[in-house]
Amino acid sequence: MFPDHLLDKLNDEQLAAVTLPDEPALILAGAGSGKTRVLTTRIAWLIQQGRVSPSGILAVTFTNKAAKEMLARLGAMLPINLRGMWIGTFHGLCNRFLRAHHRDAGLPQTFQILDSADQLSAIKRLLKGLNVDDQKYPAKNLQHFINNCKEEGLRAEKTPAHDPQSRKFVELYEEYDRQCQREGVVDFAELLLRSYEVLLANEPLREHYQRRFRHILVDEFQDTNNLQYKWLKLLGRQASVFAVGDDDQSIYAFRGANVGNMAAFERDFRVQHLIKLEQNYRSYSNILDCANELIANNGNRLGKNLRTTRGHGEPVRIYESMTDQQEAQWLVDEAQNLIAGGKSRSEIAVLYRSNAQSRVIESALFKAGIPYRVYGGLRFFERAEIKHALAYLRLMENPHDDTAFLRVVNFPARGIGARSMEQLSDIARERQCSLHQAVPYLSGKAGKTIGDFVTMVDGLRFETAGLRLPEAVDQMLETSGLRAHYRAEKEGQERLENLDELVNAAANFISDDGMVSGIAGAKGFGLSGSEQAALAEGAGFDATGGGQGDAGFGADGLAAGGGADGLASDGGPAIADGAIALVPDADGVLDLPIPPLAAFLAHASLEAGDNQAEAGQDAMQLMTVHAAKGLEFDVVFLTGLEEGLFPHENAAAETSGLEEERRLMYVAITRARERLYISHAQTRMLHGQTRYNVRSRFLGELPEGCCKWLTPRISGYAAQQAGSVKAGWKRDWKESRSTGWEELGEYDAKAARRADIPDTGGGPVPGWVQKQQASDAGLRLGQSVRHAKFGEGVVTNIEGSGSDARAQINFRSAGSKWLALSVAKLEPL
DNA sequence: GGAGACTGCGTTTTT
DNA sequence: CGCAGTCTCC
């Protein structure tokens with residue numbers, strides 16, 4: 001029987017969700033409503049009730065962190081081996097699938113995974129090889145184009161193109177895919193698309209998995225993109241799909257997430273039970289009421305209202321400062337008081353809309369001597385020295401990986417210059433082969449130096465063949481000269497440590513039970529012996545007994561290791577790791593022998609590692625609102641609530657953009673458990689120039705009764721608009737640098753229209769903050785002035801002071817100009 | 001091959 | 001302003 005204590009902890013809504021019958025269900029899980037608990041308890045319950053065997057479960061998340069957490073919680077609930085379950089990220093699971101069925105997918109078993117940076121350099125190389133004008137077709141744009149296409153499920157030949165520009169993009173997209181295929185590499189979107197296509201085209205395979213996965217659970221459903229949704233629809237045709245999400249927390253539309261998938265799911269899967277989890281266990285009601293009232297301004301919601309039994313709590317504190325520096329200083333003072341009062345630093349978070357805002361706050365914290373941690377920096381596997389090391393490993397695994405080849409052919413420097421590489425590239429292009437294959441045809445000095453490089457890498461492959469993974473990595477670090485290079489470098493100490501850390505990572509990757517570990521799907525495939533046998537024969541899959549719901553969990557019959565060879569025979573591992581032999585576990589699930597190095601490389605690509613989690617010291621937490629999703633803190637400082645910043649100027653133009661910003665605000669507010677501060681500054685330094693910002697409209701959407709303004713409020717439409725003027729003006733930096741700030745600025749009419757700036761006709765805009773007057777000239781924003789040469793205009797920006805004071809004036813006829821106040825004669829009107 | 005000048009760019013980000 | 005990427009010159 002299912003342990004009561006697990007169900008006892010649930011409220012009625014949660015219990016209903018956990019114990020739903022076998023049918024598609026949509027769970028609307030508000031912030032802090034215990035959605036992870038529901039998901040994991042549901043899985044545990046399904047298994048304990050004998051409704052499904054572990055191998056009949058497919059649970060999908062977006063991040064490795066979420067997958068790990070689910071696995072950890074499940075491990076605590078269920079005394080069973082979790083290996084047979086497919087729990088992981090979309091990408092991790094697709095990786096697992098493609099390795100298992102690499103032949104059906106037309107891929108080498110050891111295919112490499114390109115992360116975004118790898119993909120970009122592959123594209124740059126492609127463009128260079130095809131002599132494409134990178135001004136006209138920037139690599140970054142092409143990258144977006146390709147990823148967007150793939151996320152819509154479109155191959156190049158199916159991609160519509162109506163103008164020459166997009167026709168070229170489509171052509172390049174096709175070339176790119178060809179290049180990837182040739183090199184045996186796969187980008188992130190390709191993992192999904194290829195899996196989807198294989199399932200679509202291969203009926204026995206599709207039917208097998210459709211039959212196998214009786215229960216599919218999806219976390220953060222609002223973040224699914226169109227391809228992921230199609231994938232789920234295909235795979236979950238006969239399954240009970242349990243989708244958990246919150247449309248109000250959909251903040252990733254910019255990378256293809258489609259909230260509409262929630263409504264589509266309800267329709268397409270004929271969802272009978274929509275359950276709303278509205279009980280919030282996190283925050284006091286003043287905070288929740290702010291969130292509720294704010295988000296009510298969005299249209300097209302599935303509709304949900306958070307409630308709590310925790311009482312009102314403190315009011316939300318709102319603070320207005322003159323400058324961003326003052327905002328930071330106030331925040332630091334406030335935090336120091338809290339810390340002095342016993343609040344631990346790690347329970348205090350500072351959130352901001354964009355990373356650029358962290359600088360001022362960091363320096364204030366630094367001055368005050370408060371330890372802090374900024375989230376979102378370089379991740380472990382993204383560090384340059386790690387990327388270099390991985391490139392060597394990739395070349396050892398697959399010498400035809402040209403991206404890897406180019407990355408390290410001359411790193412550490414070995415006298416291989418651009419001209420030598422050009423010769424080699426030419427040969428490779430002519431012969432339509434990899435750089436590695438082109439080397440023998442290269443003569444002269446270039447042939448010698450590059451030949452030596454290739455010999456070295458080939459030698460490494462040979463030398464390390466009998467070594468375990470960590471020793472192989474270590475060997476590579478020596479032979480390649482990477483260690484020596486960083487040892488010789490003055491600042492190389494940290495990089496050396498990171499390289500050592502890579503060896504550790506490799507060691508950790510091979511867990512003690514002899515299995516390659518890592519939940520991203522790099523470890524075994526969790527195919528049962530019978531499945532493997534069936535797959536190896538290319539036959540049907542009726543051998544699988546999974547999901548019959550009998551008492552035990554090992555429903556998949558154990559086929560004593562048979563059949564696995566059929567899958568593993570080709571493309572043997574470059575590194576023989578004795579520990580990797582097939583070991584059937586208690587459930588009879590076999591781990592397929594992916595060469596450990598290939599598995600490790602996949603792991604490195606799919607899980608870039610922690611951000612810089614020096615978790616040691618108790619430190620304040622700084623991060624963007626996006627990064628804060630899913631986290632919670634006792635105290636939250638939500639900073640920079642200014643028009644143009646939050647909502648961001650690039651998003652405020654369209655309703656959909658504005659609504660996503662509002663959801664972002666909603667996410668930010670609901671991070672706070674006990675105390676929430678919201679602040680904004682009248683003046684902020686951005687991109688080297690001072691901007692005059694107006695309080696964010698979102699502040700006006702909060703219920704007065706829940707808030708307490710720590711500073712007097714200056715309100716009024718005119719004041720707001722005067723500040724907004726800046727939004728319509730974009731200063732041209734190139735000109736600014738060459739000619740100083742005298743005659744510049746280009747009126748951005750579109751931005752002005754977007755910002756809904758009234759035509760002041762040169763007249764004064766009254767009521768703008770009096771304390772903002774420029775010290776020397778006595779000018780204020782919005783003031784009308786006359787210039788001898790340019791005529792009448794309005795002051796739209798003021799910078800600097802003393803002899804350096806300058807103002808931007810929007811002249812009625814002459815347009816916008818920056819004028820030095822020490823020189824220009826301006827007559828106030 | 002590397003230091004230093006020059007140029008361009010600037011929202012959010014996981015896999 | 002601050003960073004990354006490219007160019008230039010020794």
Side-chain angles (χ1 to χ4, degrees), chain A residues 60-67 88-95 113-121 124 134-135 138-140 144 147 150-151 186-192 220 223-225 227-228 250-257 324 351-360 363 375-377 379 381-382 384 410-418 489 520-522 602-609 611 623-630 640 644-652 657 660-661 663-665 667-668 684-691 730-734 736-738 799:
Chain A
V60 203
T61 64
F62 276 85
T63 64
N64 292 301
K65 201 176 149 202
T89 63
F90 276 102
H91 295 86
L93 294 172
C94 286
N95 173 49
I113 300 168
L114 301 182
D115 67 19
S116 312
D118 298 332
Q119 185 189 30
L120 187 61
S121 55
K124 281 182 177 162
D134 53 357
Q135 297 285 332
K140 272 221 171 81
H144 289 148
N147 291 337
K150 290 190 177 183
E151 278 161 18
V186 160
D187 61 50
F188 285 137
E190 184 73 25
L191 285 170
L192 283 151
E220 305 278 16
D223 288 341
T224 50
N225 65 32
L227 179 56
Q228 286 159 342
S250 162
I251 55 172
Y252 286 113
F254 70 90
R255 66 178 196 215
D324 50 348
L351 308 187
Y352 34 80
R353 173 67 238 267
S354 67
N355 287 306
Q357 288 166 251
S358 76
R359 189 172 298 276
V360 213
S363 80
Y375 281 73
R379 320 193 34 223
F381 287 109
E382 289 167 357
N410 196 34
F411 192 94
R414 37 179 82 89
I416 299 168
E489 211 174 51
H603 167 78
S605 299
L606 289 173
E607 194 171 353
N611 262 338
M623 66 194 83
T624 64
V625 179
H626 281 93
K629 189 175 163 213
L645 209 65
F646 200 177
H648 197 274
E649 55 197 352
N650 298 352
E660 176 142 326
E661 295 288 306
R663 290 192 292 270
L664 201 48
M665 177 76 179
V667 168
R684 185 176 296 277
M685 190 72 145
L686 194 66
H687 304 326
Q689 86 177 299
T690 307
R691 295 176 46 135
K730 198 167 186 176
R731 196 160 150 196
D732 186 329
W733 280 103
K734 203 171 84 202
S736 136
R737 239 189 294 236
S738 48
E799 278 183 8

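Each chain gets a letter, A, B and so on, in the order its sequence line appears, and its residues count up from 1. Here the structure is a predicted model, which is why all the values come from computation and not from measurement.
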Check whether any side-chain N or O of A/N64 sits under 4.0 Å from OP1 or OP2 of B/dT14, and answer yes or no.
no
Has A/R255 got a side-chain N or O lying under 4.0 Å from the OP1 or OP2 atom of B/dT11?
no
Looking at A/T61 and A/A66, would you say the former's side chain and the latter's main chain have a donor-acceptor pair under 3.5 Å?
no
Mark yes or no for a side-chain to base donor-acceptor pair under 3.5 Å between A/T624 and B/dT11, with no hydrogen or angle criteria applied.
no
Do side-chain atoms of A/D118 reach the backbone of A/D115 as a donor and acceptor pair under 3.5 angstrom?
yes
For A/F188, give me all partners under ring-ring contact (aromatic ring centres under 6.0 Å, His included), at least two apart in sequence or on another chain.
A/H91
Between B/dT13 and C/dA4 - P atom distance, rounded Å
16 Å
Just to be sure I understand the rule, does A/D187 reach a base, reach only the sugar-phosphate, or reach nothing, if contact means heavy atoms closer than 4.0 Å?
nothing
Report, one pair per line, the protein and nucleotides 6-9 of chain C atoms (nitrogen or oxygen only) whose separation is under 3.5 Å.
none

So, OP1 or OP2 of B/dT12: does either fall under 4.0 Å of a side-chain N or O from A/N650?
no
Apply salt bridge (charged side-chain N to carboxylate O under 4.0 Å, His left out) to A/R684 and list each qualifying residue two or more places apart in sequence or on a separate chain.
A/E327, A/E642
For A/F254 and B/dT12, do the ring centres fall under 5.5 Å apart while the planes stay under 30° apart?
yes
Reported CZ-to-CD distance for the pair A/R691 and A/E649, which is rounded to 0.5 angstrom
4.5 Å
B/dT15 base stacked by A/H91? Criteria: ring centres under 5.5 Å, plane angle under 30°.
no
Answer with base, sugar-phosphate or nothing: what part of the nucleic acid does A/G415 contact at a heavy-atom distance below 4.0 Å?
sugar-phosphate
Sugar-phosphate, base or nothing in reach of A/S116, heavy atoms under 4.0 Å
base
Give the minimum heavy-atom separation between A/I251 and A/V667, together with the two atoms involved.
CG2-CG2, 4.1 Å
Between A/L664 and A/L191, whichever has its closest DNA chain B nucleotide further toward 5' is A/L664
Reckon A/F90 touches a base, only the sugar-phosphate, or nothing at all at heavy-atom distances under 4.0 Å?
nothing
Do A/Q119 and A/S116 meet the criterion of a side-chain donor-acceptor pair at a distance under 3.5 Å?
no
Short side-chain N/O contact to C/dC3 OP1/OP2 from A/R359, under 4.0 Å:
yes
